[in-house]
Amino acid sequence: MFALVDGNNFFVSCERVFNPALEGRPVVVLSNNDGCVVARSAEVKALGIKMGVPFFQIRDLVKRHGIVAFSSNYALYGDMSARMMQVVGGFAPRQEIYSIDETFLDLAGMSGDYTELGQRIRRRVKQWVGIPTGVGIAPSKTLAKIANHLAKTNPAFAGVCELTALPQQEQDRLLNALPVREVWGVGRRLAPRLEKIGIVSVQHLRDAAPQRIRKLFGVTLERTVRELNGHHCLHLDELPAPRRQIVCSRSFATRLTRLEDLVPAIAHHASRAAEKLRQQGCVAGSLQVFIQTAPHSGHTLQHAPACVVPLPHPSDDTRLLIDAALRGLRQIFQPGFRYYKAGVMLLDIAPPTALTGDLFSAPSAPANSALMQVLDRANHRFGPHTLRFAASTSRTERWLMRQEHKSPAYTTCWQDIPSVA
DNA sequence: TCTGGGGTCCTAGGACCC
DNA sequence: TCTGGGGTCCTAGGACCC
């Protein structure tokens, strides 16, 4: 048996914990650069505002309904997430942290009333962390996702749905009312193709012949069908596998046309990517640099060059990665375009122990050299960017993103900790 | 004026091996 | 006229997730 615990409107709920006056008011949280709506309170959903709509398109609604908007505050959300995961993890021996606001528990070997367990989890997370949650319980992860969705959308469940404890007729009724698009693994491409052959509801997909689904849609969706029938094919992953690629990229607050404005952006992304790389104790063999013009301004000329730069030796050293990234940037940059986004992707990632030495060249510097350790420790202790590389700084900072509605880092920065009146 | 930033897995096809 | 039967590795593209 699996339980999926999921924070309701997670980013909005994080903001509300430190600003209770927002309770009952319509609230949205925006993506980086204040671009799109990525989290909505129930009041906002009720207004018909969809996930992912560009913020500027709802300016009128914002004004008319007094919607409160926040820029993304990942320092806050990441920390609140860690707290929530820790509390939930206390309820079962095995836990998978699936995303910033979702976690699976393996209930195998646990006895007792699962629905009651779900309610205990909800109460404790609400009391200890302040975040409201929903809990779905079922014999497979795919079904637990469905149960979680039902728990959150159907008030009768009071936040916890143990799907297979319901009478069969009731399960059928619920799954029949749910569009196939709600299934984990069925996205916007697959859903219309399924509908075309008469598979419209979750129930239809559950009852489809697995062999037929495999022939028409591949092995992944066949697995989904089996999961919907209660056979678990996806296991719980307790420790996340090391990343095989690491991407750092951002769009800019304004369009950039000059190489000298792109340099600090690329250096900054390379340096952040290097930090993530060292965090997982790996080295990269090559990296890709990319810059892009705005994909939305239909009439202007599109341009999205990229290039892969191999490193002389696999490395995790920020200096070498910045150097390689800037060489790549100079290769692909062309004047005359208005760039809106830039990024760095680390490739050929492996643990240093897996490396084959080069017979003919000097051994590379030891991975995670003393200098990089000092850098990481100082930034961990005194805050990000306390120590940084000159290449990632600039006089203009025109490449920084827009963040016009950001809340304080209530839990991770001394100056921002709320004081008690 | 204004449109995010990360990831994963699977498959098909080409190049190459014996 | 007739042209085998295995493999591996890599890449690009397509699908999905949050």
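By convention in this document, chain letters (A, B, ...) are assigned in the order of the sequence lines, proteins followed by strands, and residues within each chain are numbered from 1.
Rounded to an integer number of Å, the gap from CZ of A/R181 to C1' of C/dA15 is 12 Å. For the pair A/Y74 OH and B/dG5 C1', the interatomic distance rounds to 7 Å; values are reported in whole Å. Summarising the geometry, the separation between CE on A/M51 and P on C/dC17 is reported as 12 Å, rounded to the nearest angstrom. Straight-line distance from the CD atom of A/Q245 to the P atom of C/dA12: 13 Å, rounded to whole Å. Going from atom CG of A/L4 over to atom P of C/dC17 covers 14 Å, rounded to whole Å. Residue A/E227 contributes atom CD, which lies 15 Å from atom C1' of C/dC16 at whole-angstrom precision. In this entry the distance linking CZ of A/R243 with P of B/dG5 reads 17 Å, nearest Å. A/R338 places its CZ atom 10 Å from the C1' atom of B/dT1, with the value rounded to the nearest Å.
The closest donor-acceptor contact from the side chain of A/S249 to the backbone of A/G343 lies at 3.5 Å or more, if one exists at all. Proximity of a side-chain donor or acceptor of A/N73 to a complementary backbone N or O of A/L76 within less than 3.5 Å is detected. Using modelled atom types, no side-chain atom of A/N32 and backbone atom of A/M401 make a donor-acceptor pair closer than 3.5 Å.
Side-chain polar atoms of A/N33 and A/S31 form no donor-acceptor pair below 3.5 angstrom.
Close to B/dT1, at under 4.0 Å from its OP1 or OP2, lies no side-chain N or O of A/R59. Side-chain nitrogen and oxygen atoms of A/S249 include at least one within less than 4.0 Å of the OP1 or OP2 phosphate oxygen of B/dG6. For the OP1/OP2 pair of B/dG6 and a distance below 4.0 Å, the side-chain nitrogens and oxygens of A/R250 include at least one atom meeting the criterion. Using a 4.0 Å cut-off, some side-chain N or O of A/K341 falls inside it from OP1 or OP2 of B/dG5. At least one side-chain nitrogen or oxygen of A/R255 sits closer than 4.0 Å to the OP1 or OP2 atom of B/dT3. Distances shown here put a side-chain N or O of A/K145 below 4.0 Å from the OP1 or OP2 atom of C/dC18.
Closest approach to the A/R402 side chain among B/dT8, B/dG7, B/dC2 is made by B/dC2 (side chain taken as heavy atoms from C-beta onward). Proximity note for A/S99 (side chain, C-beta onward) versus B/dT3, B/dG6, C/dC18: the nearest is C/dC18. Closest to the A/R189 side chain, of the nucleotides B/dG7, B/dC10, C/dA15, is C/dA15. Considering only the side chain of A/R188, C/dC16 comes nearest among C/dC16, B/dG5, B/dT3.
With rounding to the nearest 0.5 Å, the separation of OG1 in A/T412 from CG in A/D79 is 6.0 Å. A/D348 contributes atom CG, which lies 11.0 Å from atom CZ of A/R244 (distance to the nearest 0.5 angstrom).
Counting non-hydrogen atoms under 4.0 angstrom, A/L190 reaches the backbone sugars and phosphates but no base. As judged by a 4.0 angstrom heavy-atom cut-off over every strand, A/D101 is placed among residues touching the sugar-phosphate backbone only. Contacts of A/V186 with the nucleic acid, taken as non-hydrogen atoms under 4.0 Å apart, involve only primed sugar atoms and P, OP1 or OP2. Using a 4.0 Å heavy-atom cutoff across all strands shown, A/F55 reaches no nucleic acid atom at all. In this structure, A/N33 reaches neither bases nor backbone, as no heavy-atom distance under 4.0 Å exists between it and the strands shown. Within the nucleic acid shown, A/V183 comes within 4.0 Å of sugar-phosphate atoms alone, with no base atom in reach, counting heavy atoms only.
Searching all strands for a Watson-Crick or G-U wobble partner of C/dC18 with both distances below 3.5 Å returns B/dG5. In this entry B/dG13 has C/dC10 as its Watson-Crick or G-U wobble partner, both defining distances falling under 3.5 Å.
Where A/P54 and A/I246 each meet DNA chain B at their nearest nucleotide, the meeting point lying more 5' is that of A/P54. Nearest-nucleotide mapping onto DNA chain B: of A/R214 and A/A253, the residue sitting toward the 5' end is A/A253.
Remark: the separation of the C1' atoms in C/dC17 and B/dG4 is 15 Å, to the nearest Å.
Aromatic ring orientation, A/F11 versus A/Y74: perpendicular (interplanar angle above 60°, classes split at 30° and 60°).
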